[in-house]
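Naming: A, B, ... by sequence-line order, numbering from 1 per chain. Every value quoted in this text rests on a predicted model; they were computed, and no experiment measured them.
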Amino acid sequence: MDFEKLHREESGRILATLIGLLGDFDLAEEMLQEAYAVALQKWPSDGTPANPRAWLISTARHKAIDRLRRDQRFERKSEEIAKTAEIAAQPEGDREEEMFADDRLRLIFTCCHPALPLEARVALTLRTVCGITTEEISRAFLIPVATMAQRLVRAKGKIREAGIPYRVPSPEELRDRLDGVLLVVYLIFNEGYLASSGDALIRRELCAEAIRLGRVMCSLLPAQAEAQALLGLLLLQDSRRDARVSAQGELVLLEEQDRGLWHGEQIQEGTELVKSALRRGAAGAYALQASIAALHANAKTAKDTDWPQIAALYDALLRMHTSPVIEVNRAVAVAMARSVEEGLALLDELERREELEEFHLLPAARANLLRRLERMGEAANAYRRALSLATNDIERRFLRRRLTELEKLRDLRS
Amino acid sequence: MEYLLLIYHSEAGWGKMTPGDEAAIYREYGQLRDDLSGKGKFLGGSQLTPTTMATTVRVRDGKRVVTDGPFAETKEQLGGYFLVNANDLDEAIAIAARIPSARNGTIEVRPLAVRGQAKQA
């Protein structure tokens, strides 16, 4: 029996069931720890039970009933006594797969409730739904453990005291609330995918957890096309994981990636999901981003890519909400679809905007286009400007390498 | 659980309403109140007079300090409240969303503290 593995893979699901059963996050966590302690003691001599998960749930449940009864002797509260009776009355052993699924969905909606601060929703989902430890979450987000622990305590306190329900929202509320859940899944993925400092293993895990959550949402709410679009987007982005950073840990641009390293099965699954989501009317930001990702993923080479359609999709995204990243990406797509000059003109226009002054991707994209136009002096200046703004180590290394290449080229020519 | 729904709105905007609009809003408030009462969810509530009627009282070092005006100058002012009985926060939010002033003002939903819960988590 691989205890570590069981702990890692099953804790989230067991915890979800216990929270559903006990209606109390802290009590559920504590009782699960106690059940694990009993297991560590008993299983080596008695043998591992046939269904370890059911065993742990049942043990934790009995511990909870004992605990609640003991507490009541000191402080008789009718509410708690009723709760204990209710827990004790639930038949054992019939909370199998479908109950697990329901518990998980309820737990996800509770953790992602809009009455909680966004950063707490992300942390709480990782902690309770995914079963990632507080230490690991704090390492992934580069936040002191004590701060992260406090954030979780506050969130659980608000769930309890403000009366945030443990329930899947009613059909009228579902649409709005689902958006909130999808946002948390998207943020978890991006934290793993975009951040380039911090522990690489944990970041990889965040991407995997986001995809797992995306799958849970799709299988539990199969009618929701936006959830499908998001899962498609995550799979397509993640399919490039082995190609986007070189063996030396350096960033590799999409156009220069070895497409043989992309994960074909994942691309296929992601593309199917996007197609199906679009057919069923998904038209939100995830669907548009996923469509762009699918066009990239299915192109044989960077040149072969359907750039006009990508530019049009960025236009549509911009109409939905403006963001500097989208504006820069759109200009790059225009450079590929029509002409480098046209793309550069768009970037020059963006540079005149005060709010984008500190945005390092803008001079980085300009430098790349200037380089292609062989305006090497201007390109070098733009790389220097990008370097002065970029804070991320991997990106800085990439920009410095590009700058050095340009300088060498200039030396050769002069 | 019991929730206090604090209704913040722009007093200036309220003052500019036509008598017809005002009557329609009062009617809507009345209907909501009746509906909640019928379900046993309405525990209390009232419109407040404008902040120009407010008086602020503090006692410092045993000395009473009385000043005119509200506690804080804000863009939207506390104009009324509902005290409701709801199963959970989602139900309280659903009631808050039915308050007419939610459409142009802001409703703050605050659970009432039950023995000792008021201390910061």
Side-chain angles (χ1 to χ4, degrees), chain A residues 19-20 23-26 29 71 74-80 82-83 105-117 120-121 123-124 146-181, chain B residues 1-9 28 31-45 74 76 78 80-121:
Chain A
I19 292 171
D24 183 323
F25 277 63
D26 289 325
E29 264 181 74
D71 288 352
F74 298 102
E75 188 184 1
R76 288 193 73 82
K77 259 189 308 164
S78 56
E79 211 176 295
E80 273 191 10
K83 179 77 192 160
L105 194 59
R106 275 197 288 271
L107 189 58
I108 292 172
F109 276 107
T110 305
C111 291
C112 296
H113 198 281
L116 298 170
R121 284 181 239 164
L124 198 59
T147 311
M148 186 56 82
Q150 182 71 0
R151 191 177 286 177
L152 289 166
V153 168
R154 286 223 173 96
K156 285 185 279 190
K158 185 160 189 188
I159 288 174
R160 198 170 51 241
E161 281 163 30
I164 292 177
Y166 183 68
R167 188 180 60 214
V168 175
S170 63
E172 312 89 71
E173 294 168 309
L174 188 64
R175 196 49 217 271
D176 281 347
R177 293 286 306 279
L178 180 66
D179 286 348
V181 173
Chain B
M1 286 180 69
E2 290 174 17
Y3 294 85
L4 186 62
L5 312 181
L6 297 152
I7 303 165
Y8 290 88
H9 71 154
E28 210 185 327
Q31 282 161 358
L32 176 60
R33 194 183 158 135
D34 290 346
D35 181 55
L36 293 173
S37 294
K39 293 172 182 149
K41 299 197 175 292
F42 185 80
L43 301 176
T74 46
E76 292 181 322
L78 184 61
Y81 71 95
F82 273 55
L83 181 63
V84 299
N85 203 342
N87 289 325
D88 52 44
L89 183 61
D90 282 356
E91 195 189 349
I93 290 172
I95 295 171
R98 290 171 63 198
I99 294 178
S101 299
R103 294 195 296 265
N104 43 31
T106 307
I107 317 298
E108 185 174 318
V109 180
R110 297 282 292 268
L112 263 54
V114 195
R115 51 161 192 101
Q117 281 181 354
K119 60 177 182 289
Q120 186 59 254

Residues in residues 90-108 of chain B near chain A [non-hydrogen atoms, under 4.5 Å]:
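At a heavy-atom separation under 4.5 Å, chain A is reached by Asp90(B), Ile93(B).
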Using every non-hydrogen atom in the two residues, find where [X] and [Y] come nearest and quote the distance to one decimal.
X	Y	answer
Ala162(A)	Pro111(B)	CA-CG, 3.5 Å
Gly163(A)	Met1(B)	CA-SD, 3.6 Å
Leu89(B)	Ala115(A)	CD2-CB, 3.5 Å

Given a strict heavy-atom distance threshold of 4.5 Å, which part of Glu173(A) is in contact with chain B: side chain, backbone, both, or neither?
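The side chain, not the backbone.
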